[in-house]
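Quick notes on the structure that follows.
Hydrogens, waters and symmetry mates are skipped; everything else that's a heavy atom, side chains included, is used. Here is how names work: the chains are called A, B, and so on, in the same order as the sequence lines, proteins then strands, and each is numbered from 1.
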There are 2 protein chains.
Amino acid sequence: MKNLKKRSECPISSSLDIWGDKWSLLIVRDLMLLKACTYGDFLKSEEKIATNILASRLQMLEDNEVILKQEHPDSKAKVLYKLSQKGIDLFPLMVEINLWADKYFTLPAERKKMVEAVKRDKQGFIEEAIASMQEQPK
Amino acid sequence: MKNLKKRSECPISSSLDIWGDKWSLLIVRDLMLLKACTYGDFLKSEEKIATNILASRLQMLEDNEVILKQEHPDSKAKVLYKLSQKGIDLFPLMVEINLWADKYFTLPAERKKMVEAVKRDKQGFIEEAIASMQEQPK
DNA sequence: TAAATTTGCTTGCGTTTTGCAAGTGCAAAT
DNA sequence: ATTTGCACTTGCAAAACGCAAGCAAATTTA
């Protein structure tokens with residue numbers, strides 16, 4: 001199941017071909033906030049993604065090497081999803097989304113705090129966050 | 001025709017509710033590159049959006065105040081679409097998409113040049129681009 | 001000034017994707 | 001040995017998409 005049909009050579013278009021839908025970046029968000037997620041973790045998220053859609057998006061993101069599937073240290077029944085470097089590199093983009101949203105929506109207190117930290121020192125915030133995502137990369 | 005149903009309070013989710021699809025950011029891209037577009041201009045783009053989809057996305061982006069519809073100075077038969085401030089504020093996000101894509105895809109020469117300029121001075125590039133988009137805002 | 005063309009859409013319709021619920025198979029716990 | 005947990009898969013109705021054709025108003029051409 002490969003979805004690698006490019007509509008054009010435009011980088012915006014090629015990027016949207018991978019994660020340009022309502023769900024993919026929410027999966028990436030969960031992985032940025034939690035570092036590693038099980039299938040069930042994604043289902044627990046506030047937006048209530050349907051399980052078949054989740055499966056298809058995880059497959060797509062894995063095919064495109066944005067996420068990695070690893071065995072869970074606790075049990076063979078569990079799976080651990082993590083961001084690859086390609087996924088981690090989406091962090092600056094996610095930061096900009098938060099900044100845009102901060103200007104036009106009301107953010108939950110928790111996220112607002114994060115955005116304020118970004119405003120204080122964007123570059124530092126991003127570097128620190130990326131470094132922490134890169135810990136014990138297995 | 002209002003599509004303002006929020007899946008959650010998460011800013012990523014709220015943002016995706018507006019432009020989280022395969023086409024909306026391509027419309028925004030066209031407007032960032034051309035400053036103002038007619039309906040026909042969007043249809044001419046490389047990705048070949050279907051006319052009914054284009055109409056629905058323009059409506060959605062207008063409902064959400066990302067774009068503005070103006071009368072064309074040359075003719076009543078034409079319409080001019082432009083970015084609102086809210087749309088212009090998506091520019092830093094678009095820059096990050098280009099940077100991400102530059103790392104993982106091969107960019108067309110023209111766009112590659114732009115990305116190199118961004119790498120030289122991101123903040124300056126963004127400020128200059130935004131200033132130029134804000135000229136004669138009518 | 002009548003006819004043809006341009007422009008910005010809308011409509012119909014078959015195909016694909018989504019969303020919801022239920023089901024399946026393997027692993028682990030009881 | 002049976003129940004529970006986990007990661008999916010399947011079925012199906014509803015919505016969204018994509019393509020082609022149609023349409024009304026404005027403009028250009030003959």
Distance in angstrom units between [X] [atom1] and [N] [atom2], rounded:
X       : N      : atom1 : atom2 : value
B/Leu54 : D/dC19 : CG    : P     : 14 Å
B/Gln59 : D/dC17 : CD    : P     : 15 Å
B/Lys5  : D/dA16 : NZ    : C1'   : 10 Å
B/Lys44 : C/dT6  : NZ    : P     : 12 Å
B/Tyr39 : D/dT27 : OH    : P     : 19 Å
B/His72 : D/dT27 : NE2   : P     : 11 Å
A/Asp41 : D/dG5  : CG    : P     : 15 Å
B/Leu80 : C/dC9  : CG    : C1'   : 16 Å

What nucleotide among C/dG8, D/dC8, C/dC9 has an atom nearest to a side-chain atom of B/Lys69? C/dC9
Considering residues at least two apart in sequence or located in another chain, which fulfil the side-chain contact (heavy atoms from CB on, under 4.5 Å) criterion with B/Ser15? A/Ile97, A/Trp100, A/Ala101, A/Phe105, B/Trp19
Letter per nucleotide, 5' to 3', of nucleotides 18-30 of chain C [B base touched, S only sugar-phosphate touched, - untouched; heavy atoms, 4.0 Å]: SBBBB----SS--
Contacts table for residues 110-118 of chain B: side-chain donor-acceptor under 3.5 angstrom, sequence neighbours left out:
{"from": "B/Arg111", "atom 1": "NH1", "to": "B/Asn98", "atom 2": "OD1", "distance (Å)": "3.1"}
{"from": "B/Lys112", "atom 1": "NZ", "to": "B/Asp102", "atom 2": "OD1", "distance (Å)": "2.7"}

Measure from the side-chain N and O atoms of A/Lys35 to the backbone N and O of A/Ser132, and report whether any donor-acceptor pair falls under 3.5 Å. yes
Suppose the criterion is ring-ring contact (aromatic ring centres under 6.0 Å, His included): which pairs have a residue in residues 41-69 of chain A, not counting sequence neighbours? A/Phe42-A/Tyr81
By the side chain to side chain donor-acceptor pair (under 3.5 Å) test, which pairs, at least two apart or in different chains, include something from residues 41-52 of chain A? A/Arg29-A/Glu47, A/Asp30-A/Ser45, A/Thr38-A/Asp41, A/Tyr39-A/Thr51, A/Asp41-A/Lys44, A/Glu47-B/Ser8
Please work out if A/Tyr81 contacts a base, only the sugar-phosphate, or nothing of the nucleic acid, heavy-atom cut-off 4.0 Å. sugar-phosphate
Partner residues of A/Lys78 under the side-chain hydrogen bond (donor to acceptor under 3.5 Å, both in side chains) criterion, sequence neighbours left out: none
